[in-house]
**Student:** 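Provided herewith is a single structure, encoded as structure tokens, for subsequent inquiry.
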Amino acid sequence: MNIQNIPQIKHIESGNFFLLSGPCAIEGEEMAMRIAEKLVGITDKLQIPYVFKGSFKKANRSRIDSFSGIGDEKALKILRKVSETFHIPTVTDIHTNEDADMAAQYVDVLQIPAFLVRQTDLVVAAANTGKTVNLKKGQFMSPESMKHAVQKVLDCNNQNVMVTDRGTMFGYQDMIVDFRGIPTMQQYASTVLDVTHSLQQPNQTAGVTGGRPDRIETIAKAGIAVGVDGIFIETHFDPSNAKSDGANMLHLDYFEDLMTKLVAIRKTINTF
């Protein structure tokens, strides 16, 4: 994938990693705009190619009473407003074939959730929109097996595909990142490291996923050090009250400091 094929992507000549970041879910217009404004300021300052991330709905919930969204069209319109206001591309998850056509009218990148990446019809539906497709590696899949998921997109005459590692299940309630998988998947497509979801602790007895946000910097630094193409980080100005995945999100106040460190590491890596 050539990152410059993503509409409105900036700073592509900087030599930096690219960034997919934003809240887990769109909770409302004010929160989305507030987070986007902060992230745009940081990424412009540090010359990081940036895509705003926000799920227009959350279909893969642990419990039926978990927050799933504010309404599909309402959330998608907010994503469009973020893009038009800040002149940046956007990415959102899709869960059904119908979601692909609907979301493609509002966003620039369609993301296939990790649990659904082997669903051929869904991957094909996303690819056939012509949008860039981000394939989250299944927690249950090897890096090598992602070759076939990528090939499904390519077979639809869509060259704009990337892969995102979000960790592998370790036992029942933990995730582990195998950094050997990054160069493996880079043989197939541009590869992103999903830092925050790699630190999830799923399957908690309360039905709410836990996490280790104290290890975000550790995993992010390691990903840049091994040469990952992009970084995926969910963030919020009030993670403890976020409606989805608050337990493993990075507080917005800490974002610039982390990005500054990652850019410095990338600059060093680029000299090798």
**Student:** Quick one: does Thr191's side chain have a donor or acceptor within less than 3.5 Å of a partner on Ala189's backbone?
**Tutor:** yes
**Student:** Any Lys/Arg nitrogen of Lys57 or Asp99 sitting under 4.0 Å from an Asp/Glu carboxylate oxygen of the other?
**Tutor:** yes
**Student:** Any chance CD of Glu37 has more than 12 other-residue heavy atoms, nucleotides or ligands included, within less than 6.0 Å?
**Tutor:** no
**Student:** Evaluate the side-chain proximity of Val263 to Arg266: yes if any heavy-atom separation is below 4.5 Å, no if none is.
**Tutor:** no
**Student:** Does any N or O in the side chain of Lys53 come within less than 3.5 Å of the main-chain N or O of Cys24, such that one atom is a donor and the other an acceptor?
**Tutor:** yes
**Student:** Is there a donor-acceptor contact under 3.5 Å from the side chain of Asp108 to the main chain of Thr90?
**Tutor:** yes
**Student:** Leu135 versus Val133: any side-chain heavy-atom pair under 4.5 Å?
**Tutor:** yes
**Student:** Looking at side-chain heavy atoms only, is the closest gap between Asp165 and Val192 below 4.5 Å?
**Tutor:** no
**Student:** Side-chain contact test, heavy atoms from C-beta onward, threshold under 4.5 Å: evaluate it for Met169 versus Phe140 and give yes or no.
**Tutor:** no
**Student:** Would you find more than 12 non-hydrogen atoms of other residues, nucleotides or ligands less than 6.0 Å from Glu13 atom CD?
**Tutor:** no
**Student:** Any chain of hydrophobic side-chain contacts (each under 4.5 Å) joining Val226 to Ile265?
**Tutor:** yes
**Student:** Atom CG of Leu19 and atom CG of Leu262: how far apart are they, to the nearest 0.5 Å?
**Tutor:** 9.0 Å
**Student:** Taking all non-hydrogen atoms of both residues into account, name the closest pair between Thr184 and Pro143 and its distance.
**Tutor:** CG2-CB, 4.0 Å
**Student:** Go through the steps to decide whether Leu250 and Phe255 satisfy the test side chain to side chain contact (heavy atoms under 4.5 Å, CB included), and finish with yes or no.
**Tutor:** CA-CA 7 Å; Leu250 177 66; Phe255 209 92; 3.6 Å; yes
**Student:** Taking the side chain as every heavy atom from C-beta outward, state whether Val91 and Val107 have any atom pair closer than 4.5 Å.
**Tutor:** no
**Student:** Got Leu110 and Thr132 here, is their nearest side-chain heavy-atom distance under 4.5 Å?
**Tutor:** no
**Student:** Step by step, would you call Gln8 with Ser83 a side-chain hydrogen bond (donor to acceptor under 3.5 Å, both in side chains)?
**Tutor:** CA-CA 9 Å; Gln8 301 192 90; Ser83 180; 3.1 Å; yes
**Student:** Please determine whether side chain to side chain contact (heavy atoms under 4.5 Å, CB included) holds for the pair Glu144 and Tyr188, giving the CA-CA distance in whole Å, both sets of side-chain angles, and the decisive distance to 0.1 Å.
**Tutor:** CA-CA 9 Å; Glu144 290 80 6; Tyr188 319 135; 4.1 Å; yes
**Student:** So, the side chain of Thr92 versus the backbone of Phe56: is there a donor-acceptor pair under 3.5 Å, distance only?
**Tutor:** yes
**Student:** What verdict does the side chain to side chain contact (heavy atoms under 4.5 Å, CB included) test give for Lys81 and Glu29, after you've listed the backbone C-alpha separation in whole Å, the side-chain angles of each residue and the deciding distance to 0.1 Å?
**Tutor:** CA-CA 9 Å; Lys81 184 170 183 178; Glu29 181 176 316; 2.6 Å; yes
**Student:** Angle between ring planes, Phe52 versus Tyr50, binned at 30° and 60°: parallel, tilted or perpendicular?
**Tutor:** perpendicular
**Student:** Do Asn241 and Asp238 pair up side chain to side chain, a donor and an acceptor below 3.5 Å, judged on atom types alone?
**Tutor:** yes
**Student:** Looking at Val82, is its backbone amide N or carbonyl O close enough to the side chain of Thr85 to form a donor-acceptor pair, meaning the two atoms are under 3.5 Å apart?
**Tutor:** no
**Student:** Is there a donor-acceptor pair closer than 3.5 Å between any side-chain N or O of Ser190 and the backbone N or O of Gln186?
**Tutor:** no
**Student:** If only atom types and distance count, is the side chain of Glu27 paired as donor or acceptor with the main-chain N or O of Ala32 below 3.5 Å?
**Tutor:** no
**Student:** Nearest heavy-atom pair of Gly22 and Ile35: which atoms, and what distance?
**Tutor:** CA-CG2, 4.3 Å
**Student:** What's the verdict on side-chain hydrogen bond (donor to acceptor under 3.5 Å, both in side chains) for Asp194 and Thr164, showing C-alpha distance, side-chain angles and the deciding distance?
**Tutor:** CA-CA 6 Å; Asp194 181 345; Thr164 295; over 6 Å; no
**Student:** Taking CD in Glu73 as the centre, count heavy atoms belonging to other residues, nucleotides or ligands within less than 6.0 Å. Is the count above 12?
**Tutor:** no
**Student:** In terms of hydrophobic clusters joined by side-chain contacts under 4.5 Å, are Phe170 and Met175 together?
**Tutor:** no
**Student:** Evaluate Glu256 against Lys45 for salt bridge (Lys or Arg N to Asp or Glu O under 4.0 Å), listing each step before the verdict.
**Tutor:** CA-CA 10 Å; Glu256 183 170 355; Lys45 177 181 178 180; 2.6 Å; yes
**Student:** Grab the two heavy atoms, one from Glu217 and one from Lys221, that are nearest each other, plus how far apart they are.
**Tutor:** OE2-NZ, 2.6 Å
**Student:** Which value, rounded to the nearest 0.5 Å, describes the distance between Phe237 atom CZ and Arg34 atom CZ?
**Tutor:** 4.5 Å
**Student:** Taking the basic N atoms (NZ, or NE/NH1/NH2) and the acidic carboxylate oxygens, is any pair closer than 4.0 Å for Lys10 and Asp44?
**Tutor:** no
**Student:** Can a side-chain donor-acceptor contact be found between Asn160 and Asn5 if the only test is distance below 3.5 angstrom?
**Tutor:** yes
**Student:** Specify whether Phe232 and His197 have parallel, tilted or perpendicular ring planes, treating 30° as the upper limit for parallel and 60° as the lower limit for perpendicular.
**Tutor:** tilted
**Student:** Can you give me the closest heavy-atom contact between Thr196 and Met249, atom names plus distance?
**Tutor:** CG2-CA, 4.3 Å
**Student:** Got a sec, which residues hit side-chain contact (heavy atoms from CB on, under 4.5 Å) with Asn157, two or more places apart in sequence or on another chain?
**Tutor:** none
**Student:** Does the pair Lys137 and Thr168 meet the rule for a side-chain hydrogen bond (donor to acceptor under 3.5 Å, both in side chains), with working shown?
**Tutor:** CA-CA 9 Å; Lys137 185 184 81 65; Thr168 301; 3.2 Å; yes
**Student:** So, for Cys156 and Asn128, which heavy atoms are closest and what is the spacing to 0.1 Å?
**Tutor:** CB-OD1, 3.5 Å
**Student:** Nearest 0.5 Å please: distance from the CD atom of Gln119 over to the NZ atom of Lys152.
**Tutor:** 8.0 Å
**Student:** Can you tell if the side chain of Met162 reaches within under 4.5 Å of the side chain of Phe18, non-hydrogen atoms only?
**Tutor:** yes
**Student:** Quick check: do Met259 and Ile48 have side-chain heavy atoms less than 4.5 Å from each other?
**Tutor:** yes
**Student:** Please tell me whether Leu193 and Met146 are part of a single hydrophobic cluster in this structure, the criterion being side-chain heavy atoms less than 4.5 Å apart.
**Tutor:** yes
**Student:** Identify the heavy atoms of Ile26 and Gly54 that sit nearest to each other, and give their distance.
**Tutor:** CD1-CA, 4.0 Å
**Student:** Using modelled atom types only, decide if a donor and an acceptor are shared between the side chain of Ser55 and the backbone of Asp93 within a distance under 3.5 Å.
**Tutor:** no
**Student:** Is it the case that the side chain of Asn16 and the backbone of Gln47 share a donor-acceptor pair, with hydrogens and angles ignored and the cut-off at 3.5 Å?
**Tutor:** yes
